[in-house]
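First comes the structure, then the notes that go with it.
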Amino acid sequence: MTAPARPSETLRTALGTLLDGLPPKQAAQAVDRLIANYRGTTPTDAPILRDRADVAAYAAYRMPATFEAVHAALEAFAEAAPDWTPTSHTDVGGGTGAATWAVTATWPGDRAVTVLDWSDPALALGREIATANPALRDAHWQRTRIGKDLTLPATDLVTVSYVLNELTPADRAALVDTAAASAQTVVIVEAGTPAGYARVIEARDRLIAAGFRVAAPCPHSAACPIVPGEDWCHFSARVSRSSLHRQVKGGSLPYEDEKFSYVAATRLPATPASARVIRRPQIRKGQVLLDLCEPDEHLTRRTVTKRHGDLYKAARDAAWGDPWPLSDRP
């Protein structure tokens, strides 16, 4: 029997049909304009995705990267709470629903799914794409203004991915507070830039103040030890590049790396990682250098050498963003 396709593969196949009939130059121009809007510094209170051409181009370009970033964050949370599976999920500002696909990849099976966004074209296209995923065929797609007047029903999981940058500070705070009041678990993902990290830390602080505990990526719920303005916490997810990616960005590599910052916080019992690898490990002759965030609110560089045996093998296999077992300190 042939194994069912993974959600990431199914999503790529569904996205591959979106640009049929849309001239490549028009698609590339739409992506360029939309990227400029999304990277702007002025919050907006109106949909950035205006029509089907906008949505199709941007979904084909951005959904795989959003999927991989959110999936990485959800997998880190699932490691901290391995006995929990959400039975309901609300994706706030979900657009075409990349985060809902990431949830189905993390926890297979059916659940009540609601996608909220203020762009009708994005919701319509998300609903169309979701027909390829059996777990999303009954999802509810609802046009909603994302801001201080947002109300959410009780739900197990709320995801907010690449949304906070579009909101005013007041609306950002209101959204996080509303999510905290309605959900058992909140996962927020932003671009892996200093500004994106700052928005995640702001949200992290509000979630902790609301009684949540951080499950990932941090090994603690205390203050982040990174000095603002000197560094920022972010991670990387590898994304297969489509022909549209190559057309817009140029280059010949079959992949690119999506940089993202995130926080996964919960009211549930959860066991955060003992420590987290917060930079790409540096593999040198006979040793591996690991930059770690540790539970005592410190950032530490550890050197693991061949004399550490199995720990050295584990260090060579460690990836940026992985947990690290401090019980086996070198």
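Position 1 is the first residue of the sequence; numbering continues from there. Just the heavy atoms: all of them, side chains too, but no hydrogens, waters or symmetry mates, feed the values below.
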[X] side, atom [atom1]; [Y] side, atom [atom2] - distance, nearest 0.5 Å:
X: R284; Y: T305; atom1: CZ; atom2: OG1; result: 13.5 Å
X: S240; Y: E9; atom1: OG; atom2: CD; result: 9.5 Å
X: H220; Y: D296; atom1: NE2; atom2: CG; result: 8.0 Å
X: T155; Y: H89; atom1: OG1; atom2: NE2; result: 7.5 Å
X: R204; Y: C233; atom1: CZ; atom2: SG; result: 9.5 Å
X: T193; Y: R199; atom1: OG1; atom2: CZ; result: 5.5 Å

Using 4.0 Å as the upper bound for N to carboxylate O, is an ion pair formed by [Y] and [X]?
X: R206; Y: D177; value: yes
X: D171; Y: K148; value: no
X: E294; Y: R302; value: yes

### Task
Answer with yes or no after comparing the ring centroid distance for F67 and H71 against a 6.0 Å cut-off, counting only values under it.
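So the answer is yes for these two rings.
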### Derivation of the side chain to side chain contact (heavy atoms under 4.5 Å, CB included) call for T178 and T151
CA-CA 7 Å; T178 300; T151 59; 5.7 Å; no
Under 3.5 Å donor-acceptor, [X] side chain and [Y] backbone:
X: R213; Y: R267; answer: yes
X: N133; Y: A130; answer: no
X: S88; Y: A112; answer: no

Do you know which two heavy atoms are closest between [X] and [Y], and how far apart they sit?
X: W107; Y: R111; answer: O-NH2, 2.7 Å
X: P269; Y: A81; answer: O-CB, 4.1 Å
X: A73; Y: Y262; answer: CB-CD1, 3.5 Å
X: W101; Y: I129; answer: CZ2-O, 3.5 Å
X: R280; Y: S236; answer: NH2-OG, 4.2 Å
X: W141; Y: L123; answer: CE3-O, 3.8 Å

Any side-chain heavy-atom pair from [X] and [Y] closer than 4.5 angstrom?
X: T185; Y: D156; value: no
X: V103; Y: L74; value: yes
X: E202; Y: R172; value: yes
X: R276; Y: P323; value: yes
X: I188; Y: S161; value: no
X: V158; Y: V187; value: no
X: Y197; Y: C224; value: yes
X: D138; Y: V113; value: no

### Intermediate values then yes/no, side chain to side chain contact (heavy atoms under 4.5 Å, CB included), T266 and F77
CA-CA 9 Å; T266 188; F77 174 79; 3.8 Å; yes
### Query
If Ile, Leu, Val, Met, Phe, Trp and Tyr residues are connected whenever their side-chain heavy atoms lie under 4.5 Å apart, and connections chain through other members, are I226 and I201 in the same group?
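Looking at the clustering, I201 is in the same group as I226.
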### Message
When you group the ILVMFWY residues by side-chain heavy-atom contacts below 4.5 Å and let the links chain together, are W324 and L289 in the same group?
### Response
no
### Query
For Y162, is the NZ or CZ atom of R62 found under 6.0 angstrom from the centre of its six-membered ring and inside 45 degrees of the ring axis?
yes
### Query
L157 and T90: side chain to side chain contact (heavy atoms under 4.5 Å, CB included), yes or no, with the steps?
CA-CA 6 Å; L157 172 66; T90 299; over 6 Å; no
### Message
Just to verify, which of T159, T114, T100 counts as forming a side-chain hydrogen bond (donor to acceptor under 3.5 Å, both in side chains) with D91?
### Response
T159
### Message
In terms of relative ring orientation, are H234 and W232 parallel, tilted or perpendicular, with 30° and 60° separating the classes?
### Response
parallel
### Task
Kindly assign one of parallel, tilted or perpendicular to the pair F235 and W320, based on the angle between their ring planes and the thresholds 30° and 60°.
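If you compare the ring of F235 with that of W320, the planes turn out tilted.
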### Audit row: L116, L150, side chain to side chain contact (heavy atoms under 4.5 Å, CB included) steps and yes/no
CA-CA 10 Å; L116 305 177; L150 177 70; 4.2 Å; yes
